[in-house]
Student: 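Could you have a look at this structure, given as structure tokens, before my questions?
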Amino acid sequence: MQDYFEAFTNGFLGTTQWTWKSILFEVPWYTNYFWGLIVISLLVWGLEILFPWRKEQAIFRKDFWLDGFYMFFNFFIFAIVISGVYKVLELLLGNIGVTAKSLAIIDFSNWPTWSQLLVFFILLDFVQWFTHVLLHKFSVLWQFHQVHHSVKEMGFAAHLRYHWMENIFYKPLKTFGVMILGGFEPEQAYIVHFAAIAIGHLNHANIKLTYGPLKYIFNNPVMHLYHHSYVLPKGKFGVNFGISLSLWDYIFGTHYIPESGGKIKLGYPGDEALPKSFWGQLVYGFKKPKR
Ligand SMILES: [Zn+2]
Ligand SMILES: [Zn+2]
């Protein structure tokens with residue numbers, strides 16, 4: 001019991017300290033997600049201001065500040081709160097013989113760095129794509145994912161407007177992905193994490209980008225806008241589930257981009273029932289599932 005208590009406090013204090021040090025620039029710059037997130041946000045916001053897709057959309061669009069708060073909440077505040085729990089789980093699983101190294105299907109520890117990063121990026125993106133499909137498929141999960149789909153005007157910060165339960169849903173499959181790779185992230189994994197933040201921001205940005213023929217590989221704002229469409233094609237529970245890569249949607253036939261005007265209605269039928277405030281959304285989703 002003592003061990004678990006220690007693991008909990010160590011996890012909690014460790015993450016708190018790391019975040020504080022990041023704010024004070026006391027960590028290596030390439031692992032500074034606090035300021036990294038701010039810099040990427042300002043860059044993408046700058047692009048939105050310079051090259052707006054929907055020109056009538058305000059620079060401080062609807063829910064701009066709510067989404068800005070969500071960015072820091074999901075990335076840092078919630079991470080601190082949950083870190084103790086994860087440490088306890090790690091210890092529990094370790095005690096019954098499950099460690100991050102117990103799968104290790106691909107041993108890529110001596111591959112060249114670039115190929116390690118590529119495999120890490122592709123595998124992690126696939127498990128997240130799959131998790132995202134599940135969030136739409138099952139109404140119990142969809143209840144929580146509605147928070148992300150309550151965005152009515154799209155802009156970069158909408159990327160990180162999502163219910164804190166999603167952090168928990170994504171975790172098992174992400175951990176599973178890392179276990180397949182022998183339980184470790186490549187040393188330069190921060191490149192992948194920063195790339196994922198930038199692509200995710202761009203996917204939600206008010207900028208018309210499709211990357212030419214690369215649209216079949218990379219997710220983009222036009223494709224992701226249709227993921228947020230109020231009206232879905234008949235018989236589908238969702239389209240364009242891609243996170244960083246659009247590839248999976250093309251492979252599994254879940255892609256749908258009928259046009260690229262950028263002016264479609266966003267949300268989902270019934271979205272007026274979702275609480276408007278952060279606190280309301282924080283406790284939303286635990287009641288009766290309905291679609
Ligand atoms: Zn979704
Ligand atoms: Zn989205």
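For reference, positions follow the sequence shown, starting with 1. Order of appearance sets the numbers: ligands from 1, and atoms from 1 within every ligand. Just so it is clear, the structure is predicted and the values come from calculations on it, not from any experiment.
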Student: Is there a side-chain contact (heavy atoms from CB on, under 4.5 Å) between I168 and Y86 once you walk through the steps?
Tutor: CA-CA 10 Å; I168 294 172; Y86 284 154; 4.0 Å; yes

Student: Which residue, H132, K171, H148, H145, forms the side-chain hydrogen bond (donor to acceptor under 3.5 Å, both in side chains) with E166?
Tutor: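 The passing option is H145.
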
Student: Just to be careful: counting only protein atoms that are N, O or S, how many fall under 2.8 Å of the Zn ion (ligand 1)?
Tutor: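 Counting protein N, O and S atoms closer than 2.8 Å to the Zn ion (ligand 1) gives 5.
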
Student: Can E56 and K263 be counted as an ion pair, charged N to O under 4.0 angstrom?
Tutor: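 Salt bridge: yes.
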
Student: Taking S229 for the side chain and L232 for the main chain, is one N or O donor matched with an acceptor at less than 3.5 Å?
Tutor: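 Such a contact is absent between S229 side chain and L232 backbone.
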
Student: To the nearest 0.5 angstrom, please state how far the CD1 atom of I217 sits from the CH2 atom of W248.
Tutor: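 Rounded to the nearest 0.5 Å, the CD1-CH2 separation comes out at 11.0 Å.
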
Student: Given NE2 of H224 on one side and NE2 of H204 on the other, what angle do they make at the Zn ion (ligand 2), to 10°?
Tutor: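 Answer comes to 90°, rounded to 10°.
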
Student: Using modelled atom types only, decide if a donor and an acceptor are shared between the side chain of H227 and the backbone of V239 within a distance under 3.5 Å.
Tutor: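 Such a contact is found between H227 side chain and V239 backbone.
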
